[in-house]
Amino acid sequence: MNPLKIIDKIILKVEEFILSYAIIIIALMVVGKALSRAIFTYTPPFADEVSQIAIVVATFMGISYAARKGRHISMSAFYDLAPFKVRKILAIFIPLVTALVLFVLTYFSALYVYDVYESGRVTSALQMPSYYLYIFIPIGFLLGGIQFLRNMWINIKHRDEVYLGTDAKDYNDQEKHEIHEGTHL
């Protein structure tokens, strides 16, 4: 098997693991804090901090996963009405610009993480170095930028189909294909 595909599968599994557990931690912390306050009139001091860390992790590590699955937020009114050739051009141009923006954000967020590291700040409740919280931001931007480049490449490589993500074909083409299949008896 191709080594790049193996690395891609490993990254996908790590992303799924991180996102799954981040969401579970958010749920446990928020519900646990509410129950603790209601039952014992006590709120654990670390609950907000752990929730915040899990939200940052889920948000920024989710960029790449959403891009891979074609589930990122998009404003598609004009895109949906466009003919195939225009959608194909947009499916190459938009991921390229998005990847470039994410790489710029990777650079600046890495500088910020380094500044936080140099400052020696720690979180208030857990007394953990603050840069642990922020390290996931440049990692998420970097992985997201790489994934959007992959989305661009798959649209260049496959000329007869439009892909929203490496794992997701354009829903406009799928609906038309399903309609054509349904009309044949």
Visitor: Between the side chain of T41 and the main-chain N/O of R37, is any donor-acceptor distance below 3.5 Å?
Guide: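 No: the side chain of T41 does not pair with the backbone of R37.
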
Visitor: Okay, side chain of N155, backbone of Y163: is any donor-acceptor separation there less than 3.5 Å?
Guide: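 Yes, because the side chain of N155 sits within donor-acceptor range (under 3.5 Å) of the backbone of Y163.
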
Visitor: Taking everything shown except Y117 itself, do over 12 heavy atoms lie less than 6.0 Å from its OH?
Guide: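 Counting other residues, nucleotides and ligands, OH of Y117 stays at 12 neighbours or fewer.
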
Visitor: Is it the case that one hydrophobic cluster holds both I154 and I156, taking links as side-chain heavy atoms less than 4.5 Å apart, direct or via other members?
Guide: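 Cluster IDs for I154 and I156 differ.
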
Visitor: Just wondering, do L102 and Q147 contact through their side chains at under 4.5 Å, heavy atoms?
Guide: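 Side-chain contact under 4.5 Å: no.
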
Visitor: Do you know the tightest heavy-atom contact between I23 and A58?
Guide: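 So the minimum-distance heavy-atom pair works out to CD1-CB, 4.1 Å.
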
Visitor: Atom CD of E161 and atom NZ of K88: how far apart are they, to the nearest 0.5 Å?
Guide: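 Taking CD in E161 and NZ in K88, the distance rounds to 8.0 Å.
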
Visitor: Check whether any side-chain N or O of S36 sits under 3.5 Å from a backbone N or O of K33 as a donor-acceptor pair, and report yes or no.
Guide: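 Absent.
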
Visitor: Is the distance between the ring centroids of Y107 and F103 under 6.0 Å?
Guide: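 Not under 6.0 Å, so no.
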
Visitor: Say whether, by atom type as modelled, one donor and one acceptor occur between the side chain of T59 and the main chain of V56 under 3.5 angstrom.
Guide: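 Answer holds: no.
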
Visitor: Drop me the distance from R87's CZ to D80's CG, to the nearest 0.5 angstrom.
Guide: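 So the gap between those two atoms works out to 8.0 Å.
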
Visitor: Rounded at 0.5 Å granularity, tell me how far CZ in F148 sits from CG in L96.
Guide: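 Between atom CZ of F148 and atom CG of L96 there are 11.5 Å.
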
Visitor: Taking all non-hydrogen atoms of both residues, which atom of A125 and which atom of F46 are closest, and how far apart?
Guide: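 That would be CB-CA, 3.9 Å.
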
Visitor: Restricting to non-hydrogen atoms, name the atom on N151 and the atom on T166 that form the minimum distance, rounded to 0.1 Å.
Guide: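 In this case the closest contact between N151 and T166 is OD1-N, 3.1 Å.
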
Visitor: Restricting to non-hydrogen atoms, name the atom on I92 and the atom on P95 that form the minimum distance, rounded to 0.1 Å.
Guide: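 Nearest pair, atom of I92 first, then P95: O-CD, 3.6 Å.
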
Visitor: L19, Y132: one ILVMFWY side-chain cluster at the under-4.5 Å cut-off?
Guide: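 Yes, L19 connects to Y132 through the hydrophobic network.
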
Visitor: Closest approach of L12 and Y65, non-hydrogen atoms and distance?
Guide: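 Here L12 and Y65 meet closest at CD1-CE1, 3.6 Å.
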
Visitor: To the closest 0.5 Å, what do you measure between CZ (R150) and CG (L4)?
Guide: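 Going from CZ on R150 over to CG on L4, the span is 9.0 Å.
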
Visitor: What do the steps show when you test K13 against F17 for side chain to side chain contact (heavy atoms under 4.5 Å, CB included), and what is the final call?
Guide: CA-CA 6 Å; K13 293 299 178 188; F17 176 82; over 6 Å; no

Visitor: Supply the atom-to-atom distance D48 CG to M29 CE, rounded to the nearest 0.5 angstrom.
Guide: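 That separation rounds to 10.5 Å.
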
Visitor: Using side chain to side chain contact (heavy atoms under 4.5 Å, CB included), reason through D170 and Y79 one step at a time and then give a plain yes or no.
Guide: CA-CA 11 Å; D170 186 2; Y79 176 86; 2.9 Å; yes

Visitor: Cluster question for you: counting only ILVMFWY and a side-chain heavy-atom cut-off of under 4.5 Å, with indirect links fine, are V101 and F108 together?
Guide: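 In one cluster with V101: F108, no.
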
Visitor: Is any side-chain heavy atom of E15 closer than 4.5 Å to a side-chain heavy atom of L143?
Guide: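 They are in side-chain contact.
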
Visitor: Taking the side chain as C-beta and beyond, is there a heavy-atom pair between V104 and L100 under 4.5 Å?
Guide: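 Answer no - side chains too far apart.
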
Visitor: Does one side chain, of Y131 or D115, offer a donor that lies under 3.5 Å from an acceptor on the other?
Guide: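 Note: Y131 and D115 side chains miss the donor-acceptor criterion.
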
Visitor: Do L142 and L105 belong to the same hydrophobic cluster, where Ile, Leu, Val, Met, Phe, Trp and Tyr are linked whenever their side-chain heavy atoms lie under 4.5 Å apart, directly or via other members?
Guide: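 No, L142 and L105 fall in different hydrophobic clusters.
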
Visitor: Should the heavy atoms of other residues, nucleotides or ligands under 6.0 Å from CZ of R71 be counted, would the total exceed 12?
Guide: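 Count not over threshold, so no.
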
Visitor: Are I6 and V14 connected in the hydrophobic side-chain network, where two residues link if heavy atoms are under 4.5 Å apart?
Guide: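 Linked within one cluster.
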
Visitor: Decide yes or no for R121 and S119: does some side-chain heavy atom of the first lie under 4.5 Å from some side-chain heavy atom of the second?
Guide: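 Contact flag for R121/S119 side chains = yes.
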
Visitor: Which atom names give the shortest non-hydrogen contact between A82 and V86, and what distance separates them?
Guide: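 Distance-wise, the nearest heavy atoms are CB-CG1, 3.7 Å.
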
Visitor: What I'd like to find out is whether the side chain of S64 reaches to under 4.5 Å of the side chain of I146, using heavy atoms alone.
Guide: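 No - every pair of side-chain heavy atoms lies 4.5 Å or more apart.
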
Visitor: Test your reading of the model: is there a side-chain donor-acceptor pair from K169 to the backbone of V162, 3.5 Å cut-off?
Guide: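 The answer is no, because no donor-acceptor pair under 3.5 Å joins these two groups.
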
Visitor: Angle class for the F60/F141 ring planes (parallel below 30°, perpendicular above 60°, tilted otherwise)?
Guide: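 F60 vs F141 ring planes: perpendicular.
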
Visitor: Any side-chain heavy atom of L133 within less than 4.5 Å of one from T123?
Guide: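 No, their side chains stay 4.5 Å or more apart.
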
Visitor: Do V50 and I25 make a side-chain contact, defined as non-hydrogen atoms from C-beta onward lying under 4.5 Å apart?
Guide: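 Touching, per the 4.5 Å side-chain cut-off.
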
Visitor: For the residue pair R68 and D8, establish whether any side-chain heavy-atom pair is separated by less than 4.5 Å.
Guide: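 Yes, side chains in contact.
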
Visitor: Using 0.5 Å steps for rounding, measure from the OH atom of Y21 to the CD1 atom of I24.
Guide: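 Answer rounded to 0.5 Å: 5.5 Å.
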
Visitor: Is it the case that atom OH in Y42 sees more than 12 heavy atoms from other parts of the structure closer than 6.0 Å?
Guide: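 Atom OH in Y42 is packed in, count exceeds 12.
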
Visitor: Sub-3.5 Å donor-acceptor pair from the side chain of E49 to the main-chain atoms of P45, do we have one?
Guide: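 No, because the side chain of E49 does not come within donor-acceptor range (under 3.5 Å) of the backbone of P45.
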
